[in-house]
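To start, the structure itself, in C-alpha cells.
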2 protein chains.
Amino acid sequence: MAKLDFSPIADTTRRAEIVALLRRAILTGQLEPGQKLNELRISEQMRVSRAPLREAMRELVQEGILTSIPYAGTFVIEVTAKDIIDAYSLNQVLDEFAIERTWPLRDQRFFDELDRRHEAVKQATRAKDTTRQIETALQLHGLIYEWADNSVLLETWQRLTSRLQMYFALHQRARNEPVPAEDVHETYVALLKGKDMRAAQRHAREHIDLDFEELLAYARSLEKRI
Amino acid sequence: MAKLDFSPIADTTRRAEIVALLRRAILTGQLEPGQKLNELRISEQMRVSRAPLREAMRELVQEGILTSIPYAGTFVIEVTAKDIIDAYSLNQVLDEFAIERTWPLRDQRFFDELDRRHEAVKQATRAKDTTRQIETALQLHGLIYEWADNSVLLETWQRLTSRLQMYFALHQRARNEPVPAEDVHETYVALLKGKDMRAAQRHAREHIDLDFEELLAYARSLEKRI
DNA sequence: ACTTGTTAGATTGTCGACAATCTGATTGTC
DNA sequence: GACAATCAGATTGTCGACAATCTAACAAGT
C-alpha cells in the first residue's frame, strides 16, 4: 500500500463558495464598512437562491465581519478606533503565547515554511500588489499559530485575522501612498530562527506596535468623519 | 428627558430561538458529542421548517460546538483530552489579560455585580442544581471579561465558554458524585476585591489548574473508551 | 471469499413563493 | 406647519417541494 496522503476534497456546496466570495469582498474592502447586503440583489448577481446565501451570511456574522439586525438587514461591521485597539492588544497577548508554544516545536520544516511565506510577502511587495501583501504578511505571521499545536488558539487567531485584514485593507485603501518597499519582516524571521525566545516575543510586540500607530491614526480619522 | 436605559428587545426570529434551544441542549449534554442532528426530525419536533433550523445550525458550527460535513450531516463536536488541554491553556492566558485590563476599572458596581454572581453560584450549589452551578460559575468567572472593556476579548471568551461549559457538563454527567459543597470561589472573589493584582492573576491560574486536573482525567478516560 | 456495479431509501442542499416586518411617503387632522 | 394615522413598496423571515448526494444492502462477476 502506497503511503500517499490525500488532502480532503474541496467543499462542493454553493454555500461554501458564497462564503469565500463574500469574505474576500469584505476583506479587500470591495464591500465597505456599514454597507448593507441586499439578499435579493446579491443572490441574483451570483445566480443563486437566497437560502444558501443566507446560510453563508450567518457564518460570516458568527465570524465577526458581518452584523445582523432582524428584519432590518445584514451589514458589514463598522470599524472604530477602539475596535482596532482592542484587536491589537489581544493580538499581542496571543502572539506571546503562540511563540511560547511554537518555540520547542520548531524544526526544519518550520524554518522552510517560514522562508517560503517570507518569500511570498517579498514577492507581493515587489509586485506592488497591496491586497496580496496584506494577505501574505498575515499568513507569515500566522505560522506561529499553526505550529503552536493548539486548535482553539488557531481558531481564535483566524477570527482575529479576518478583522486585522479588514483593518489593514481599509488603511491601505485610504492612503494612496505606495507600500513601504523595505522588508520589515526580516528581523522577525531571523528572531524566530534564533535562540532567544524572549527577544522574539519582545520584537513581535514592538513590531506590531509600529504598524499599529499608523493604523490607529487612520481609525481616529474615521471616527471624526462620522 | 429621563435618563432611562432600555435594554434591547428580545430577538423575535425563530432562528434565534432555535439557536438558544440547540445551544442549551448541547451544553447541558442532552445532545451527546458525536451525535448527528437530523434536520427533518428536529424541524418537525420544533414545528419549524428546515430553513431557520439550518441557519441556526450554521451559527453553532461557527460557534465551534457543531461540526458540519457537506451532504453527510451536522454533528455535535467530539471532545478529546487535547481539546480540553488546549482550551484551558488559552483560558489561562486570557484570564491574566482580562484581570490586567479589568483591574483599574473596578468600582462599586463591579464589586456589587461580583457579589451578586457569587451568590448565584452558592445558591445553585445549595440547590444541588449541577447544570445551573456550572452556568453560574462561568458567569462569575466571565465578569472580568465583561468589565475589561475589550469587545474582541469578550467575544473570544464567550466562544471559549461554550466549550468549557460543555466539557464541564460532560464531566458532571459522567461522575455521579455530588458536587463539592464548599465554596471554591471565596478566595477568587476576595482577591478580585483586594489590592494585589499579581496575586489575583496567580490564583486564577492555580484555581483553574485544580479543576482542570479532574476534568482532564475524565477526558483521558473518554479517549481510552474509543 | 472478495471486489465491483447497481439500486432504493434516506438525508442534505437548493429553489421559488408566500408571510411578516420595516421604512418612508402620503394623507388627514388639529 | 406640526403631528399622528395610514398605506404602498421593498426587504427579510419562513415554508414546502424538488434536486443532488450519500449510505447501505444486494447482485453479479472473478
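Residue numbers start from 1 in every chain, and the chains themselves are labelled A, B, ... in the order their sequence lines are given, proteins ahead of strands.
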*Start with the C-alpha gap between L53(B) and L22(B), add the side-chain angles, then the distance that decides, and say whether side-chain contact (heavy atoms from CB on, under 4.5 Å) holds.*
CA-CA 10 Å; L53(B) 172 63; L22(B) 281 182; 4.0 Å; yes
Ion pair present between [X] and [Y], side-chain N to carboxylate O less than 4.0 angstrom?
X: E119(B); Y: R116(B); answer: no
X: E135(A); Y: R24(A); answer: yes
X: E155(B); Y: R159(B); answer: no

_Polar side-chain atom of R106(A) near backbone of L192(A) as donor-acceptor pair, under 3.5 Å_ = yes
*Taking atom types as modelled, find out whether Y145(A) and N150(A) have a side-chain donor-acceptor pair closer than 3.5 angstrom.*
no
Cut-off 3.5 Å, no hydrogens considered: what does the side-chain donor-acceptor table look like for residues 61-70 of chain A, sequence neighbours left out?
from: E63(A); atom 1: OE1; to: R23(A); atom 2: NH2; distance (Å): 2.9
from: E63(A); atom 1: OE2; to: R23(A); atom 2: NE; distance (Å): 2.9
from: E63(A); atom 1: OE2; to: S162(A); atom 2: OG; distance (Å): 3.1

*Can you figure out which of dC15(D), dT14(C), dA17(C) approaches the side chain of R50(A) most closely?*
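Among dC15(D), dT14(C), dA17(C), the one nearest the side chain of R50(A) is dA17(C).
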*Answer yes or no: does a side-chain N or O of S49(A) lie under 4.0 Å from OP1 or OP2 of dT14(C)?*
no
*asked:* Distance check needed: dC15(D) C1' versus R15(B) CZ, whole Å only.
replied: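 Atom-to-atom, R15(B) to dC15(D), this comes out as 15 Å.
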*Integer-rounded Å distance: dG13(D) C1' and I18(B) CD1*: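 Going from CD1 in I18(B) over to C1' in dG13(D) covers 11 Å.
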*Please report how far the helix from dA1(C)-dT30(D) to dC30(C)-dG1(D) bends, comparing the axis fitted to its first five pairs with the axis fitted to its last five, to the nearest 10 degrees.*
0°
*asked:* Just to be sure I understand the geometry, which residues of residues 53-75 of chain A put a non-hydrogen atom under 4.0 Å away from DNA chain C?
replied: Y71(A)
_Please give me every residue in residues 35-48 of chain B whose heavy atoms get under 4.0 Å of an atom in DNA chain C, ordered by residue number._
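Correct list: K36(B), L37(B), N38(B), E39(B).
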*So H141(A) and W157(A), would you call those rings parallel, tilted or perpendicular, with 30° and 60° as cut-offs?*
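Tilted, since the angle between the ring planes falls between 30° and 60°.
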*Partner residues of A124(A) under the side chain to side chain contact (heavy atoms under 4.5 Å, CB included) criterion, sequence neighbours left out*: R132(A), Q133(A), T136(A)
_Residues which pass ring pair (Phe, Tyr, Trp, His ring centres under 6.0 Å) with F75(A), listed by chain and number, not counting sequence neighbours_ =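 With neighbours one apart ignored, the set is empty.
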